[in-house]
Amino acid sequence: MASAPWLLSQAIDHGLEPRRPGMLAAWSAAVLVVGAASAGLGIMRHRSMTKLRLAAALQTADLVLGHATRLGSALPRRVTAGEVVTIGISDVWTIGRAMNVGGVGVAAILAISVVAVVLFRTSHMLAVVVLVGVPVLALFVGPLLQRGQRAGLGYREQQGELNARLVDVLGGLRILNGLGGKQTHLERYDRQSARLRDQGYRVGGPFSWIGALGDGLPVVFLAVVVWLAARLAVEGGLSVGELVAVYGYTAMLVIPANVLIFCSFDVARGLVAARRVVDFLRLPADDLAGGPAPDGPAVLHDPASGVVIEPGRLTALAGARPSDAAGVIDRLGAYGPTEATWGGRPLAEIAQPEIRARLLVAEPDAALFAGELREVVAGRDDPDDDRVRAAIRTAVAHDVAASLDRPVEWAGRNISGGQRQRVRLARAVHADPELLLAAEPTSAVDAHTEAAIAERLSTARRGRGTVVATTSPVLLDRADVVHYLVDGRVAASGTHRELLVADPGYRALVTRVFDEEDA
């Protein structure tokens with residue numbers, strides 16, 4: 001595009017002004033060829049930039065998805081579902097759009113440089129004005145970009161929080177329908193959405209000024225250069241063709257100047273999105289490298305709490321705060337930073353595949369995949385009907401279906417909450433790990449079912465290590481040892497009956513739970 005004004009000046013000065021039709025036709029043909037080439041290159045530019053944006057977005061999405069897969073069940077412990085949704089839906093495409101700076105942004109800088117060189121041959125003063133004008137535009141736009149970026153970071157954080165609330169509400173919609181809490185959550189969502197909208201206005205303020213300056217300042221810049229060129233032409237410093245060329249150069253400069261402003265806008269938003277993506281990619285995943293695990297069943301020890309897990313025993317963790325017991329289970333299962341040891345070896349230094357193969361953390365809200373009941377319970381193993389039925393019997397999940405062919409929808413949406421919990425327990429029992437760590441495995445069942453689960457689980461897992469985080473007297477009474485946790489530390493250890501007699505705090509905790517169950 002920068003060559004067209006020069007060709008026009010040649011046509012005027014060598015063909016039109018001296019009235020030489022042949023020369024005029026030749027230069028006009030050159031203008032036509034350059035115009036056609038510019039049109040073709042414009043189509044190619046649009047295609048290549050679209051491919052670049054899509055490639056950048058999809059490669060970023062691949063990185064995010066791959067890292068989410070590596071995080072596995074540790075993912076919900078480290079980032080909210082709403083944050084992952086926002087990254088996948090919004091951030092990756094914002095990053096893709098920022099890639100414009102690598103194409104049209106670089107081309108805009110190159111075009112300005114070429115025009116400045118050509119103008120320098122025509123008029124030193126005009127070249128200086130062009131070279132000074134672009135930094136002046138940056139002085140106007142730069143502070144607005146910084147303000148917009150700061151506001152954009154706050155907006156992006158609130159957007160992730162709002163999406164997290166939306167995901168939570170949608171996931172618990174059936175429960176809210178039953179408890180009648182929909183209106184309360186709707187009002188909370190409305191208030192948070194209104195705050196996000198107000199933050200969006202604060203983000204939009206500086207960016208709207210950037211848009212206005214992107215359209216307005218280059219036109220002012222054009223007017224200044226044309227006015228100076230006209231004065232030079234009147235004074236005889238420029239020929240008619242050179243005057244037309246200067247106007248063409250300056251008019252053409254409106255495009256790259258505008259492109260640079262909007263590329264800066266895209267980069268500012270892209271940096272906000274990229275920071276969120278990079279923060280996600282920095283979440284530590286399981287390290288596949290590491291030392292060997294103990295040769296056989298060995299003692300697990302969590303120094304942070306003082307909990308010791310003996311092989312082959314049913315151990316219970318009881319505390320007034322469920323998060324304390326859950327934290328112990330996460331550390332013993334090597335989910336997140338841990339100082340726990342396994343057979344005297346630091347758990348953090350043992351190869352994660354060995355840990356995952358032998359230590360299984362079973363959560364009460366673990367995902368259920370769609371499929372026949374036998375496939376859901378078998379998990380990653382090939383279904384064996386006898387083994388599946390045994391696991392279902394241990395978990396007292398026989399009421400889920402009379403036949404193993406029954407389809408289970410994704411997340412167990414076609415079965416009740418108590419049935420989902422027992423199917424998850426059946427899946428954990430079917431896996432038959434060396435050590436099973438289960439958090440509140442009977443919280444959604446009635447007392448009769450809980451008693452049956454306690455009896456059958458202790459029988460089915462005899463000789464294998466099992467840890468349950470619970471305050472249920474039925475399960476506690478079946479445990480070989482109970483660790484009573486106060487503020488995340490072991491306050492007392494012993495059998496359920498020993499602690500009832502010896503520790504008033506434990507007795508008060510269990511009595512309170514028992515009274516709540518009776519109520």
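Nothing fancy with the numbering, it's 1 onward along the sequence.
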## Note on the structure
Taking every heavy atom of Leu436 against every heavy atom of Ala362, the minimum-distance pair comes out as CD1-CB, 4.0 Å
### Message
Are there over 12 heavy-atom neighbours, none belonging to Arg393, within less than 6.0 Å of that residue's CZ?
### Response
no
### Task
May I ask you to test the Arg374-Asp405 pair for a side-chain heavy-atom distance under 4.5 Å?
yes
## Note on the structure
Minimal heavy-atom distance between Ala378 and Pro383, with the atoms involved, is CB-CA, 3.8 Å
### Query
Taking the side chain from His483 and the backbone from Gly306, do they hold a donor-acceptor pair closer than 3.5 Å?
no
### Message
Using the rule given for side chain to side chain contact (heavy atoms under 4.5 Å, CB included), can you reason through Asp324 versus Val328, listing the C-alpha separation, both sets of side-chain angles and the distance that settles it, and then say yes or no?
### Response
CA-CA 6 Å; Asp324 291 341; Val328 173; 5.9 Å; no
### Query
Under 3.5 Å, is there a donor-acceptor pair between the side chain of Thr338 and the main chain of Ala334?
no
### Message
Within the 4.5 Å heavy-atom criterion, are Asp480 and Thr315 side-chain neighbours or not?
### Response
no
### Message
Tell me the closest heavy-atom pair linking Val474 and Ala451, and the distance in Å.
### Response
CG1-CA, 3.4 Å
### Query
Would a distance-only check, ignoring hydrogens and angles, find a side-chain to backbone donor-acceptor pair under 3.5 Å from Arg424 to Ala366?
yes
### Query
Can you name the nearest heavy-atom pair linking Pro441 to Val468, along with the distance?
CG-CG1, 4.1 Å
### Query
Is there a donor-acceptor pair under 3.5 Å between the side chain of Thr442 and the backbone N or O of Val445?
no
### Message
Applying side chain to side chain contact (heavy atoms under 4.5 Å, CB included) to Arg406 and Asn414, what does each step give before you reach the verdict?
### Response
CA-CA 11 Å; Arg406 175 184 176 170; Asn414 60 334; 4.0 Å; yes
### Task
Measure the shortest side-chain to side-chain distance between Pro294 and Ile350 over non-hydrogen atoms and say whether it is less than 4.5 angstrom.
yes
#### Entry: Distance, nearest 0.5 Å, that separates CG of Leu54 from CE of Met49
11.0 Å
### Query
Donor-acceptor pair, Arg413 side chain versus Trp410 backbone, under 3.5 Å?
yes
### Query
Can you tell me how far the CZ atom of Arg420 sits from the CG atom of Leu425, to the nearest 0.5 Å?
15.0 Å
#### Entry: Nearest-0.5 Å distance that lies between atom CG in Leu71 and atom CG in Leu281
9.5 Å
### Task
Give a yes or no on this: more than 12 heavy atoms of other residues, nucleotides or ligands lie within 6.0 Å of atom CD of Glu409.
yes
### Query
Looking at Ala431 and Leu360, what are the two nearest heavy atoms and their distance?
CB-CD2, 3.9 Å
### Task
Would you name the heavy atoms of Leu476 and His496 that are closest together and state the gap between them?
O-CB, 3.3 Å
### Task
Hey, could you give me the CZ/OG1 distance between Arg456 and Thr459, rounded to the nearest 0.5 Å?
9.5 Å
#### Entry: Short N-O contact, Asp487 and Arg321, less than 4.0 angstrom
yes
### Task
Look at the side chain of Gln419 and the backbone N and O of Ser416, then say whether any donor-acceptor pair between them is shorter than 3.5 Å.
yes
### Task
Apply the side-chain hydrogen bond (donor to acceptor under 3.5 Å, both in side chains) test between Ser472 and each candidate in Glu450, Arg478, Glu440; give the one that qualifies.
Glu450
#### Entry: Note: Arg331-Asp302 ion pair, threshold 4.0 Å (strictly below)
yes
### Message
Could you check whether any side-chain N or O of Arg53 sits under 3.5 Å from a backbone N or O of Gly96, counting only pairs where one atom can act as donor and the other as acceptor?
### Response
no
### Query
Which is it for Ile355 and Leu347 under the side chain to side chain contact (heavy atoms under 4.5 Å, CB included) test, yes or no, and what are the steps along the way?
CA-CA 8 Å; Ile355 296 175; Leu347 200 61; 3.9 Å; yes
### Query
Between Val299 and Pro311, is any pair of side-chain heavy atoms under 4.5 Å apart?
yes
### Task
Would you give the length of the straight line joining atom CG of Asp266 to atom CZ of Arg97, rounded to the nearest 0.5 angstrom?
4.5 Å
#### Entry: Phe280: which of Val64, Asp91, Leu63 passes side chain to side chain contact (heavy atoms under 4.5 Å, CB included)
Val64
### Donor-acceptor contact present, side-chain Ser90 to main-chain Ile87, <3.5 Å
no
### Any donor-acceptor N/O pair, Arg461 side chain to Leu314 backbone, under 3.5 Å
no
### Query
How about Leu485 and Val490: do any of their side-chain heavy atoms sit closer than 4.5 Å?
yes
### Query
Can a cation-pi geometry be assigned to Arg497 and Tyr506, taking NZ or CZ under 6.0 Å from the six-membered ring centre and within 45° of the ring axis?
no
### Query
With a 4.5 Å heavy-atom cut-off, do Asp432 and Arg464 have their side chains touching?
yes
### Message
If we check side chain to side chain contact (heavy atoms under 4.5 Å, CB included) with Arg422, which of these qualifies: Thr394, Asp399, Ile392?
### Response
Asp399
### Task
Could you tell me whether Asp382 atom CG has more than 12 heavy atoms of other residues or ligands within 6.0 Å of it?
no
### Message
Is there a side chain to side chain contact (heavy atoms under 4.5 Å, CB included) between Val307 and His301? Walk through the geometry before answering.
### Response
CA-CA 6 Å; Val307 169; His301 176 226; over 6 Å; no
### Message
Working to the nearest 0.5 angstrom, can you tell me the gap between Met99 CE and Thr50 OG1?
### Response
14.5 Å
### Query
Considering only heavy atoms from C-beta outward, does the side chain of His430 approach that of Arg387 to under 4.5 Å?
yes
### Query
So do the side chains of Val408 and Val423 get within less than 4.5 Å of each other, counting heavy atoms only?
no
